[in-house]
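Report on the following structure.
Throughout, protein chains are lettered first and strands after them, A, B, ... in sequence-line order, and every chain is numbered starting at 1.
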Amino acid sequence: MSQAPVPNPPADPEIPPHRYTAAVAGRIEQSWQDRWAAEGTFAAPNPVGDLSEGFAERAQARPKLFVNDMFPYPSGEGLHVGHPLGYIGTDVYSRYMRMLGHNVLHTMGFDAFGLPAEQFAVQTGQHPRVTTEQNIVAIRRQLRRLGLDHDIRRSVSTMDPGYYKWTQWIFKQIFCSFYDEAADAARPVEALVSELDAGTREPRPETNPYGMPWSELSAQQRNSVVDAHRLAYVSQAPVNWCPGLGTVLSNEEVTADGRSERGNFPVFRRPLKQWKMRITAYAERLLADLDALEWPESIKLMQRNWIGRSIGATISFTSASSTGRGPSIEVFTTRPDTLFGATYLVLAPEHALVEELTAEEWPDGIAESWRSHAESPAAAVAAYQKSSSRRSELERQADQRVKSGVFLGRYATNPATGEEIPIFIADYVLTGYGTGAIMAVPGQDERDWEFAEAYDLSIVRTVAPPDGFEGKAFTGEGPAINSASDRLDLNGMGVSDAKAAMISWLVEEGHGQARTTYRLHDWLFSRQRYWGEPFPIVYPVDGEDVDRPIAVPDNALPVLLPDVEDYSPRTFPDDDVTSEPEAPLARATDWLTVEMDLGDGLRTYRRETNTMPNWAGSCWYELRYLDPHNDSAFCDPEIEKYWMGPREDGDAGGVDLYVGGAEHAVLHLLYARFWHKVLFDLGHVSSSEPFRRLVNQGMLQAPAYTDARGMYVDASAVASRGGGFFYDDAAVRQEFGKIGKSLKNMITPDDMFADYGADTFRLYEMFTGPLDQSRPWDPKAVIGMLRLLQRLWRLVIDEQTGEVRVGEQPADAASLPVLHRVVDGVRAGMESLRFNIAIARITELVNHATQAYAARPVPRSMAEPLVLLIAPLAPHIAEELWSRLGHAESLARTDFPVADPRHLVDEMVEIAVQVNGKLRGSVGVLAGADASAMEMTARQDPNVRAHLGDAEVRRVISVPGKLVNFVLG
RNA sequence: GCCCCCGUAGCCCAAUGGCAGAGGCAGGCCCCUUAAAAGGGCUCCAGUGUGGGUUCGAGUCCCACCGGGGGCACCA
């Protein structure tokens with residue numbers, strides 16, 4: 001497609017007929033996009049399977065590279081100029097790497113399930129699938145117009161049954177697995193059952209409440225023990241219930257102030273029966289494997305904080321009851337060394353032992369404040385439990401630090417001191433962390449100190465604070481004090497020695513053991529929404545195993561999402577704590593019950609009516625790009641190994657470059673790692689991590705304008721005059737903010753295509769700063785990149801005639817160092833994803849060539865490398881010029897220019913001469929000059945001489961090619 | 001409160017510990033134009049947030065503080 005020179009119908013007769021304008025750019029760009037699509041330029045062959053055509057010739061001998069963006073949610077508003085930042089970044093990098101000889105796969109898909117589509121459907125009465133499909137079409141068009149080098153054969157959409165079939169299949173894999181601590185890996189549940197049957201394994205204690213060995217359990221009891229081992233399981237536990245959204249949410253979806261991340265509705269903790277994923281089994285590996293990943297440190301840190309490992313011990317306290325011994329209470333502490341200072345125990349209000357530990361009546365002689373103005377401990381406990389469950393997280397937040405609690409009327413024995421200490425419940429102890437119970441050590445813990453002050457509890461320091469310490473609790477390092485009994489003496493030890501000594505004593509005496517806990521909780525996986533993946537789960541409606549969750553067989557996948565009359569989730573007033581979740585799928589009455597033969601004859605089953613959370617589809621999509629049409633596996637193992645497998649021993653494997661926003665630090669990125677590790681354990685993938693290298697693109701902010709009333713005005717209608725900004729002749733104030741409707745500063749890629757063309761837009765996005773940095777988007781600055789392309793165009797094409805104007809003569813000697821320095825700099829910018837410096841280098845070369853060859857043709861030996869240098873950044877104009885320079889093939893796989901080292905060093909260099917570190921002169925020396933030659937030359941500079949005078953030169957620092965510094969004595 | 005990142009010209013940003021400026025926008029001047037600008041050329045503009053320290057030499061390394069952004073927050 002060596003197009004006839006584009007006829008340029010000049011709207012303005014004064015513009016040269018063949019100038020590179022937005023209109024010309026638009027025609028060139030669309031014709032190249034057509035050609036790339038027709039020729040399959042960016043099709044990356046797989047080693048085997050339906051996409052393997054061309055592998056031998058195009059890929060086999062080359063290194064591979066898999067580049068991936070976080071795929072977009074196809075919202076009805078389309079893309080604004082902020083979205084493509086990362087997409088363009090990966091595009092430039094992948095085009096560059098392709099020119100370096102890699103078999104590059106760059107992909108894009110759609111995260112199609114989600115709440116907005118459902119809400120839009122409710123408003124318009126259109127099926128969410130219909131509106132989502134329309135949005136996908138619109139966004140596909142925008143992405144194509146950007147000229148991205150995606151292998152479009154591999155586009156995926158999470159809402160397609162052919163896709164979510166495999167989401168459901170992976171769910172089944174997780175459901176049908178348990179975590180084998182000994183192997184430190186997930187294994188199939190069948191293996192668990194056969195080991196239990198063979199007697200080579202006992203159930204994990206917490207899974208077997210029956211107090212009998214496996215061999216003596218009934219069939220139903222065995223089922224419940226097995227189900228309690230599964231990595232996906234149903235549990236009745238306090239969860240985040242959001243009445244305003246009508247659904248439960250995962251911890252990751254709740255903000256620090258107890259509201260939903262989406263919609264900002266209050267969230268309440270309520271015990272509900274819900275699906276969870278045992279991500280906590282992977283806590284240690286999710287933590288440890290972060291080290292080897294090439295991820296931003298900030299994201300690694302956020303994941304480490306979220307996983308929140310604490311190393312400490314569990315300690316058992318024996319309680320006393322009116323009849324003698326009561327139940328023992330297990331607490332978790334990171335400071336076992338302070339046990340001698342534990343003067344009371346606190347349980348979370350929801351703790352399972354609270355009822356059993358509540359005394360009949362108040363013991364004699366206790367302070368009124370401990371009675372909570374209640375007649376009996378049971379009444380006080382009931383009132384307190386009620387009030388704390390009613391409070392939203394937000395309210396708990398608001399009275400943070402005001403400690404309250406209730407005495408249970410019972411005491412426990414401190415195993416170190418033998419003393420009786422009172423047992424309280426208080427909501428500053430959280431059910432979900434550790435054991436849900438603590439030993440309170442006011443001397444070394446600020447929270448415990450506050451509570452102790454409020455309830456007049458005794459305080460014993462067990463770590464000596466430094467002299468002059470005037471604070472309350474002392475949490476720092478110091479020697480142990482008050483920590484000795486006739487059986488154990490910690491006094492004088494530092495904190496870590498004391499911890500170790502205490503733990504070994506506890507273990508010896510049977511009072512406790514070392515233990516590590518995590519802040520990470522199991523992932524709440526069910527949602528009461530319509531627009532998501534149905535679970536591949538059914539429940540028998542009768543029989544002995546009634547209500548037991550059972551996975552449907554693989555041949556029944558996908559479990560299709562049924563149509564319903566009403567897609568809307570049942571929502572409630574924001575603060576309706578007592579409301580109950582209600583899944584929209586429960587309304588699909590025909591779908592709800594199903595007759596199946598799952599091995600014991602035809603029976604009736606009820607389907608699971610919850611759907612999966614929005615994150616499910618994005619937990620594994622990078623794998624589906626690799627083998628998108630495979631109907632017998634989510635991905636052929638050989639193909640996975642080729643694109644994502646480890647490169648050498650110790651390498652985790654994964655996507656070679658993954659780019660997306662930092663807002664997914666602990667949501668998508670943690671969930672996806674978890675799923676990937678399960679698939680790895682079960683032998684389905686060879687990589688142990690999904691994303692080897694991660695880069696967060698920055699956020700773009702655009703100018704927004706407020707009028708005198710403080711209202712936002714349409715930013716596109718604001719004019720700037722004489723340093724001020726005006727809207728309808730009224731002065732307005734400029735600020736920068738998130739692009740969108742609310743600030744009325746929406747700028748779309750379509751505006752940019754129309755005004756400048758895609759190449760200028762791409763250049764501008766990449767030019768304003770490093771990829772990972774947030775920066776303002778200044779619509780007025782885009783013109784600079786168009787000017788650059790116009791100058792480039794003019795170097796190759798005569799604006800009057802449209803003829804190619806390059807010459808065949810060699811380049812000037814003075815041009816070669818410039819060219820090669822620029823090549824070197826552009827490569828450096830491409831490698832480091834700092835495309836802004838690559839563009840600056842290219843601009844230098846364009847400016848140099850424009851000046852040096854103002855009156856004569858630019859040599860082909862300069863023009864061609866220049867075109868190739870800019871090709872990853874501005875691919876359309878580069879292809880067009882390359883074609884006009886006489887090349888029939890696309891430049892997509894042409895070798896990227898290489899800098900010749902001989903031209904990187906000048907013969908003569910200017911070096912700085914300093915005296916005592918101050919610049920005193922500048923002299924020219926031969927580039928290869930050694931230290932003494934540089935010094936000799938430097939001493940001849942008159943100004944340097946004057947400064948040296950007669951003083952003694954104590955030392956001379958010579959940096960070759962840079963400077964000489966005389967240090968005087 | 002704790003943790004992380006960032007402060008260079010009017011603005012966006014460059015500068016392996018070695019002469020603070022590569023590139024762009026805006027401003028000014030000139031050329032081309034009847035005129036204009038989304039053409040061409042030239043040009044003004046900071047001593048690197050503040051205060052210490054290390055070093056022959058600090059934008060760069062270390063410490064403290066100030067300002068901006070982000071994360072976590074009763075996690076025992």
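Comparing the C1' positions of B/U48 and B/A15 gives a spacing of 11 Å, expressed to the nearest Å. Taking atom C1' on both B/A14 and B/G28, the two are 24 Å apart, rounded to the nearest angstrom. When the C1' atom is compared between B/A35 and B/C42, the two are found 23 Å apart, to the nearest whole Å. Nucleotides B/A73 and B/G10 have their P atoms positioned 41 Å apart, rounded to a whole Å. As rounded to the nearest Å, B/C30 and B/C44 have C1' atoms that lie 15 Å from one another. Here the separation of B/G17 from B/G7, taken at their P atoms, is 15 Å to the nearest Å. Going from the C1' atom of B/C61 to that of B/A22 covers 24 Å, rounded to whole Å. Across B/C63 and B/G24, the matching C1' atoms stand 37 Å from one another, rounded to whole Å.
In this structure, A/N847 reaches the B/G24 phosphate: one of its side-chain N or O atoms is under 4.0 Å from OP1 or OP2. Listed pair A/R955 / B/C56 meets the phosphate criterion, a side-chain N or O lying under 4.0 Å from OP1 or OP2. For the pair A/R794 and B/G39, the criterion of a side-chain N or O lying under 4.0 Å from OP1 or OP2 is not met. Phosphate contact (OP1/OP2 of B/A38, side-chain N/O of A/T21, threshold under 4.0 Å): absent. At B/C74, none of the side-chain N or O atoms of A/R519 fall inside 4.0 Å of OP1 or OP2 (strictly under the cut-off). Between A/Q851 and the phosphate of B/C42, there is a side-chain N or O to OP1/OP2 separation shorter than 4.0 Å. Between A/Q773 and B/C13, a side-chain N or O to OP1/OP2 separation shorter than 4.0 Å is present.
If you measure from atom CZ of A/R304 to atom P of B/C72, you get 16 Å, rounded to the nearest angstrom. Per the geometry, CD belonging to A/Q790 stands 15 Å off P belonging to B/A37, to the nearest Å. In this structure, the CD1 atom of A/I957 is 14 Å from the P atom of B/C19, given to the nearest Å. The nearest whole Å value for the distance from the CE atom in A/M766 to the P atom in B/G23 is 21 Å. Between A/Y433 atom OH and B/A73 atom C1' the separation is 13 Å, expressed in whole Å. Rounded to whole angstrom, the span from the OH atom of A/Y428 across to the C1' atom of B/C74 amounts to 9 Å. Rounding to whole angstrom units, CD of residue A/E450 and C1' of B/A76 are separated by 14 Å. The interatomic distance linking A/I842 (CD1) with B/G24 (P) rounds to 13 Å, in whole Å.
Counting non-hydrogen atoms under 4.0 angstrom, A/P296 reaches nothing in the nucleic acid. Within 4.0 Å of A/N836, counting heavy atoms only, lie sugar-phosphate atoms of the nucleic acid but no base atom. Here A/I839 lies out of heavy-atom contact (under 4.0 Å) with every strand. Counting non-hydrogen atoms under 4.0 angstrom, A/D755 reaches a base of the nucleic acid. Backbone-only contact: A/T850 has heavy atoms under 4.0 Å from sugar-phosphate atoms and none from a base. Among the protein residues, A/A840 comes within range of the nucleic acid bases, having at least one heavy atom under 4.0 Å from a base atom. When heavy atoms are screened at a 4.0 angstrom cut-off, A/E297 is found touching no nucleic acid atom at all.
The two residues A/I911 and A/V925 have their closest heavy-atom pair at CG2-CG2, 3.9 Å. The two atoms that bring A/I842 and A/V826 nearest to each other are CG1-CG2, 3.6 Å, heavy atoms only. The shortest non-hydrogen separation linking A/Q773 to A/R775 is O-NE, 2.6 Å.
The side chain of A/R791 lies closest to B/G24 when the candidates are B/A76, B/A26, B/G24. Here the side chain of A/L430 is nearest to one of B/G57, B/A76, B/G24, namely B/A76. Nearest to the side-chain atoms of A/A22 among the listed nucleotides B/A76, B/A73, B/A38 stands B/A38. Side-chain atoms of A/P770 lie closest to B/A14 of the nucleotides B/C4, B/A14, B/C74. Comparing B/A14, B/C12, B/A76 by their nearest atom to the side chain of A/T768 picks out B/C12. Nearest nucleotide to the A/D778 side chain, out of B/C56, B/G40, B/C25: B/C25. Distance from the side chain of A/L301 is smallest to B/C3 among B/G40, B/C3, B/C74.
Checked against A/F761 for a ring pair (Phe, Tyr, Trp, His ring centres under 6.0 Å), the options A/F767, A/W777, A/Y756 give a single hit: A/W777.
B/G47 shows a glycosidic angle within 90° of 0 and is accordingly assigned syn.
In the interface, the side chain of A/K962 is not paired with the base of B/C19 through any donor and acceptor atom under 3.5 Å apart. In the interface, the side chain of A/E799 is not paired with the base of B/G39 through any donor and acceptor atom under 3.5 Å apart. A donor and an acceptor atom sit less than 3.5 Å apart, one in the side chain of A/R841 and one in the base of B/A22.
A salt bridge links A/R841 and A/E844; the closest N-O separation between the charged side-chain nitrogens and carboxylate oxygens is under 4.0 Å. The pair A/K472-A/D448 does not count as a salt bridge, with every side-chain nitrogen at least 4.0 angstrom from each carboxylate oxygen. Note on A/E831 versus A/R827: no salt bridge recorded, every NZ/NE/NH1/NH2 to OD/OE distance being 4.0 Å or above.
As the counterpart of B/C2, B/G71 is assigned, both hydrogen-bonding distances of the Watson-Crick or G-U wobble pattern falling under 3.5 Å. Searching all strands for a Watson-Crick or G-U wobble partner of B/A64 with both distances below 3.5 Å returns B/U50.
With RNA chain B read from its 5' end, the first of the two nearest nucleotides for A/R775 and A/M302 is the one closest to A/R775. If you find the closest nucleotide of RNA chain B to A/E844 and to A/G308, the one lying nearer the 5' end belongs to A/E844.
Using bins of under 30°, 30° to 60° and over 60° for the plane-to-plane angle, the ring pair A/Y20/A/W793 lands in the tilted bin.
For the pair A/K403 and A/F451, the NZ or CZ position fails the cation-pi test of under 6.0 Å to the six-membered ring centre and within 45 degrees of the ring normal.
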